[in-house]
Trainee: 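Please read through the structure below; I'll follow up with questions.
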Amino acid sequence: MKVIAMIPARYGASRFPGKLLKDLGGEPVIVRTYQAAVQIGLFDDVYVVTDSEIIKEKVESAGGKVFMSLKNHETGSDRIAEAAVDLDVDVVVNVQGDEPFTRMEPLRDLIDVFKKDPDHKIDLASLVHPMDQWEEIENPNNVKVVMDSFNCVMYFSRSPIPYPQNKEIDTTYYKHIGIYAFRKSALTSFTEMPMQQNEATEKLEGIRFLEYGKKIKMVETPFKVIGIDTEEDLIKANELWK
């Protein structure tokens, strides 16, 4: 089974434009993320997929491999699907460009989902982490996920789901960590599936796969993802890097 990592890297991030080129321990954030994905040793190849010439230049100058997007894309899945369509691969792992502290263990667990699925019943795999603070659960920036008894996704939402109508039930809420692993066929079909109402309302691309009948397997991980979405996050990341 050939497995590659693709790192979508859009320059114009809405909350923190240019964040992927900010300095992290002497290198741009995107270069640190690329290096981390290579160093964990799980992938046959690692690529950055970008619409930015300057990101391309920075990654290539550090010895990295880059695909340039030829089209405008609304989501990271669209971006890496364009790059993956002509590659001879089985599984594509989408590593977020603003997560330079990527660990081996959760990505290994995602890849194992496909190794244990010889009948190809699973189209995607992703990660969840339990939440125990109501403030965290209510935060719409934390995407919640409800799973069935086989740990496959029933729905994603920015709202607290399931809704705690019966407060006597001890319910575990799960936060979706947006690192996806795709069978290539599921990824490349994404661009052929028009966005529907639920995805457009919630602004969650994972819903599109559900609306078109794709099966998403979730893996619970104890590791919290450290992303860089704000200037404050960047300051903390540099402190952690030291």
Side-chain angles (χ1 to χ4, degrees), residues 8 13-16 33 74-77 93-114 116-117 121-182 186-187 190 195-230 232-233 236-237 240:
S14 56
R15 282 188 286 178
F16 190 4
T33 302
E74 292 187 19
T75 70
S77 296
V93 179
N94 179 354
V95 176
Q96 299 299 313
D98 60 359
E99 294 176 2
F101 300 99
T102 298
R103 297 180 61 105
M104 178 189 71
E105 296 91 340
L107 297 182
R108 180 194 59 205
D109 291 343
L110 287 184
I111 294 168
D112 282 347
V113 168
F114 298 99
K116 297 173 182 177
D117 180 39
K121 293 181 179 179
I122 304 300
D123 299 295
L124 298 83
S126 194
L127 299 169
V128 291
H129 186 84
M131 296 182 287
D132 54 15
Q133 300 297 318
W134 188 249
E135 181 180 359
E136 187 180 17
I137 294 166
E138 282 189 309
N139 186 340
N141 292 322
N142 294 329
V143 177
K144 276 66 70 175
V145 56
V146 170
M147 298 169 285
D148 65 18
S149 56
F150 301 100
N151 289 334
C152 289
V153 178
M154 297 171 68
Y155 196 64
F156 297 104
S157 183
R158 296 185 183 277
S159 298
I161 53 172
Y163 181 78
Q165 180 71 18
N166 186 344
K167 294 181 173 56
E168 295 180 3
I169 295 178
D170 186 16
T171 301
T172 301
Y173 288 85
Y174 289 97
K175 176 182 178 179
H176 180 218
I177 299 171
I179 300 174
Y180 280 106
F182 307 85
L187 175 62
F190 183 78
M195 184 184 299
Q196 302 293 321
Q197 175 180 301
N198 290 325
E199 179 193 0
T201 301
E202 295 256 20
K203 288 197 174 298
L204 297 174
E205 63 194 84
I207 293 175
R208 188 182 312 186
F209 291 101
L210 296 177
E211 291 189 307
Y212 285 91
K214 304 296 183 184
K215 190 169 286 291
I216 307 174
K217 181 90 168 184
M218 284 294 174
V219 178
E220 183 174 339
T221 179
F223 302 107
K224 290 191 175 182
V225 172
I226 302 172
I228 299 174
D229 288 318
T230 65
E232 291 76 17
D233 291 340
K236 292 176 183 177
L240 182 60

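Note that this is a predicted model, so its numbers are computed, not measured.
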Trainee: Rounded to the nearest 0.5 Å, what separation is found between the CG atom of Leu124 and the OH atom of Tyr180?
Mentor: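 Nearest 0.5 Å value for the CG-OH distance: 7.0 Å.
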Trainee: Would you say the side-chain atoms of Asp123 pair up with the backbone N or O of Ala186, donor to acceptor, closer than 3.5 Å?
Mentor: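 Not confirmed, Asp123 side chain does not pair with Ala186 backbone.
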Trainee: Any sub-3.5 Å donor-acceptor pair from Ser126's side-chain atoms to Gly178's backbone N or O?
Mentor: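 Not at all, since once roles are kept as given, no pair shorter than 3.5 Å links the two residues.
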Trainee: With rounding to the nearest 0.5 Å, note down the distance linking OG1 in Thr221 to CZ in Arg108.
Mentor: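 Separation between the atoms: 9.5 Å.
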Trainee: Are the side chain of Lys144 and the backbone N or O of Arg158 linked by a donor-acceptor pair below 3.5 Å?
Mentor: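 Looks like yes, one N/O pair under 3.5 Å.
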Trainee: To the closest 0.5 Å, what do you measure between CG (Asn166) and OG1 (Thr171)?
Mentor: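 Reported to 0.5 Å precision, the distance equals 8.0 Å.
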Trainee: With a 3.5 Å distance limit and no angle check, can you tell me whether Tyr173 reaches the backbone of Val146 through a side-chain donor-acceptor pair?
Mentor: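 No; judged by distance alone, with no hydrogens or angles, the pair does not exist.
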Trainee: Rounded to the nearest 0.5 Å, how far does CG of Asp229 lie from CD of Gln96?
Mentor: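 Output value for this atom pair is 9.5 Å.
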Trainee: Taking all non-hydrogen atoms of both residues, which atom of Gly206 and which atom of Ile216 are closest, and how far apart?
Mentor: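 Looking at all heavy atoms of both residues, the closest pair is O-CD1, 3.9 Å.
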Trainee: When you look at Ile207 and Ser157, which way does the side chain to side chain contact (heavy atoms under 4.5 Å, CB included) test go after all the steps?
Mentor: CA-CA 9 Å; Ile207 293 175; Ser157 183; over 6 Å; no
Trainee: For Phe101 and Ala237, work out which heavy atoms get closest and say how close.
Mentor: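 That would be CZ-O, 3.6 Å.
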Trainee: What pair of heavy atoms forms the shortest contact from Pro130 to Thr172, and how long is it?
Mentor: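 So the minimum-distance heavy-atom pair works out to CB-CG2, 4.1 Å.
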Trainee: Would you say Asn151 and Val219 make side-chain contact, with heavy atoms under 4.5 Å?
Mentor: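 No, their side chains stay 4.5 Å or more apart.
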Trainee: Please report the C-alpha distance between Met218 and Tyr174 in whole Å, then the side-chain angles of each, then the deciding distance to 0.1 Å, and finally whether the side chain to side chain contact (heavy atoms under 4.5 Å, CB included) criterion is met.
Mentor: CA-CA 10 Å; Met218 284 294 174; Tyr174 289 97; over 6 Å; no
Trainee: Not counting sequence neighbours, list each pair that qualifies as a ring-ring contact (aromatic ring centres under 6.0 Å, His included) and has a residue in residues 137-156.
Mentor: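 Matches after skipping sequence neighbours: Phe156-His176.
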Trainee: For residues Lys214 and Leu210, report the shortest heavy-atom separation together with the two atoms involved.
Mentor: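 Smallest interatomic distance, heavy atoms only, reads O-CD2, 4.1 Å.
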Trainee: For Asp233 and Thr230, indicate whether the former's side chain and the latter's backbone hold a donor-acceptor pair under 3.5 Å.
Mentor: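 Between the backbone of Thr230 and the side chain of Asp233 there is a qualifying donor-acceptor contact (under 3.5 Å).
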Trainee: How would you list, by chain and number, every residue that makes a side-chain contact (heavy atoms from CB on, under 4.5 Å) with Met195, sequence neighbours excluded?
Mentor: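 Only Glu74, Glu199, Ala200, Arg208 meet the side-chain contact (heavy atoms from CB on, under 4.5 Å) criterion with Met195.
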Trainee: Asn142 side chain to Lys175 main-chain N or O, any donor-acceptor pair under 3.5 Å?
Mentor: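 It does not hold such a pair.
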Trainee: Can you measure from NZ (Lys215) to CG (Asp117) and round to the nearest 0.5 angstrom?
Mentor: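 Here the rounded value is 10.5 Å.
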Trainee: Counting only heavy atoms not in Glu135, do more than 12 fall under 6.0 Å of its CD?
Mentor: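 Result for CD/Glu135: open.
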Trainee: Restricting to non-hydrogen atoms, name the atom on Leu110 and the atom on Ile179 that form the minimum distance, rounded to 0.1 Å.
Mentor: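 For Leu110 and Ile179, the tightest heavy-atom pair comes out as CD1-O, 3.8 Å.
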Trainee: Please report the shortest heavy-atom distance between Ser77 and Phe209, naming the atom on each side.
Mentor: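 Of all heavy-atom pairs spanning Ser77 and Phe209, the closest is OG-CE1, 4.4 Å.
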Trainee: Please report the C-alpha distance between Met147 and Val128 in whole Å, then the side-chain angles of each, then the deciding distance to 0.1 Å, and finally whether the side chain to side chain contact (heavy atoms under 4.5 Å, CB included) criterion is met.
Mentor: CA-CA 10 Å; Met147 298 169 285; Val128 291; 4.2 Å; yes
Trainee: Using 0.5 Å steps for rounding, measure from the CG atom of Asp109 to the CD atom of Glu105.
Mentor: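 Spacing of CG (Asp109) from CD (Glu105) equals 8.0 Å.
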